[in-house]
Amino acid sequence: MNAYEEYFLMKEEDVAAYVKNKMKDFKDSVDMKSEEIGDGNLNYVFKVTDEHGQSVIVKQAGHVTRISEDMTLTIDRIKREANVLILHDKYAPQLVPKVYLYDDIMKCFIMEDLSDHTILRKAFLSGETFPQLINDITTYIVNTTISTIDSVMDPKDKKELQKEYTNPELCEISEKLVYTEPFNDCNDRNILYPPNADWIKEQIYDDPELRLVAGKLKNDFLTKSQALIHGDLHTGSIFVSKTSTKVIDPEFTFYGPIGYDLGNMIAHLLFAYVNGKVKEDESFCMWTLKSINDVVDLFVEKFSRKWDAVVTDVMAQELGFKSWYISTVLEDTLGVAGLELIRRVVGMAQVEDIVSIEDEQKRIEAERFCLRVGREFIKQRHQFKTGNDVVKTIQSFL
Ligand code: SR1
Ligand code: MG
């Protein structure tokens with residue numbers, strides 16, 4: 001049998017040979033090296049280089065997730081991720097990595113190496129800022145989502161696309177980790193920082209109003225097939241350099257609420273802010289707050305402009321429809337930002353911005369701040385019209 005005709009989970013030493021076999025640019029390479037560089041929760045990511053300075057990234061799905069041996073997923077998920085990267089390259093050129101090859105047997109794909117970029121979360125933790133980031137991210141969110149909504153696409157084509165991107169397993173992870181467990185620990189896998197455990201039980205688990213709204217937001221996530229979204233747009237899913245932004249890891253993509261992507265972005269900018277506060281880096285904190293302001297306002301401005309250019313449905317062109325639509329997206333956005341702020345403190349998938357805070361008192365305060373802001377975002381989600389509304393709420397909890 002020829003090589004790579006049956007799936008196996010590749011190890012570092014297998015991947016260089018795989019790339020040499022699959023990519024003609026590497027046919028003459030003799031000194032190839034590969035290294036596993038993945039730090040995500042699900043898949044394996046390898047960087048492959050050769051003596052000519054060529055490099056590519058190989059991403060492969062395993063049956064078992066990296067975060068937990070008890071969590072298994074179908075390896076077919078990787079096809080959806082490769083396909084959506086290719087689609088997003090059309091909608092948001094330059095803002096996603098190029099996919100060179102998808103392999104349906106090995107359940108992996110080969111893509112552009114982004115080693116001249118860094119993961120945004122890591123860069124934020126070192127206090128770096130990126131002048132073009134918010135402009136790029138709002139372009140990415142607006143272009144990828146609006147291109148796939150019913151008011152723009154033929155609704156029959158939209159339903160076909162929606163079928164192709166039905167993603168039950170990955171959605172189930174979010175349904176549990178974002179929308180359920182943070183409010184009741186029903187699967188007994190939340191990770192509470194012990195000095196905050198009683199406070200969290202009282203302020204989060206024991207708040208019936210909060211639980212009710214979280215349930216309603218979960219229902220929206222389950223039923224609101226609005227646009228093809230990234231589905232996990234946090235600062236670990238964004239590669240940056242001073243001159244470029246690339247969105248990676250869209251394995252959670254599905255037809256869901258546009259506000260899910262924008263809400264995630266706001267929450268993770270706020271985690272960066274909180275970490276900057278602990279380090280007393282005031283200029284970084286000012287930059288992140290301004291970025292939260294701008295991500296909302298630029299999203300609204302660009303979405304509104306693009307709407308006028310691309311909407312085809314005659315009913316969506318009625319006076320008042322666009323502003324109603326955008327206000328519902330903002331309401332979803334603040335709901336999701338609040339959920340994300342809570343789940344990354346309380347749930348099993350936590351963020352370095354918070355867990356790396358060594359000083360006990362500072363961590364207690366940082367967590368409570370995120371939870372208070374998150375709770376307010378969720379309960380008052382319909383009140384936010386501008387970036388300034390969001391920033392004012394954040395500042396009211398300082
Ligand atoms: C089991 S995966 C845990 C988390 O990592 C991903 O990045 C998603 O955010 C998911 O909720
Ligand atoms: Mg990911």
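Both counts, for ligands and for their atoms, begin at 1 and track the order of listing.
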Among side-chain atoms of [X] and [Y], is any donor-acceptor pair under 3.5 angstrom?
X: Ser55; Y: Lys47; value: no
X: Ser225; Y: Gln162; value: yes
X: Asp103; Y: Tyr18; value: yes
X: Ser115; Y: Asp113; value: yes

**Validation row: Leu87, Leu228 side chains within 4.5 angstrom (heavy atoms)** =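 A side-chain contact under 4.5 Å exists here.
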**Prompt:** Does the cation-pi check pass for Arg363 over Tyr193, that is, NZ or CZ under 6.0 Å from the six-membered ring centre and within 45° of its axis?
**Reply:**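 Output yes; distance and angle both within limits.
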Could you list, one pair per line, each nitrogen or oxygen of ligand 1 together with any protein nitrogen or oxygen closer than 3.5 Å, giving atom names and the distance rounded to 0.1 Å?
residue, atom, partner, partner atom, Å
ligand 1, 5 (O), Asn41, ND2, 2.6
ligand 1, 7 (O), Asp232, OD2, 2.6
ligand 1, 7 (O), His234, NE2, 3.4
ligand 1, 9 (O), Asp232, OD1, 2.7
ligand 1, 9 (O), Asp232, OD2, 3.4
ligand 1, 9 (O), Arg343, NH2, 3.0
ligand 1, 9 (O), Arg344, NH2, 2.8
ligand 1, 11 (O), Arg343, NH1, 2.9
ligand 1, 11 (O), Arg343, NH2, 3.3

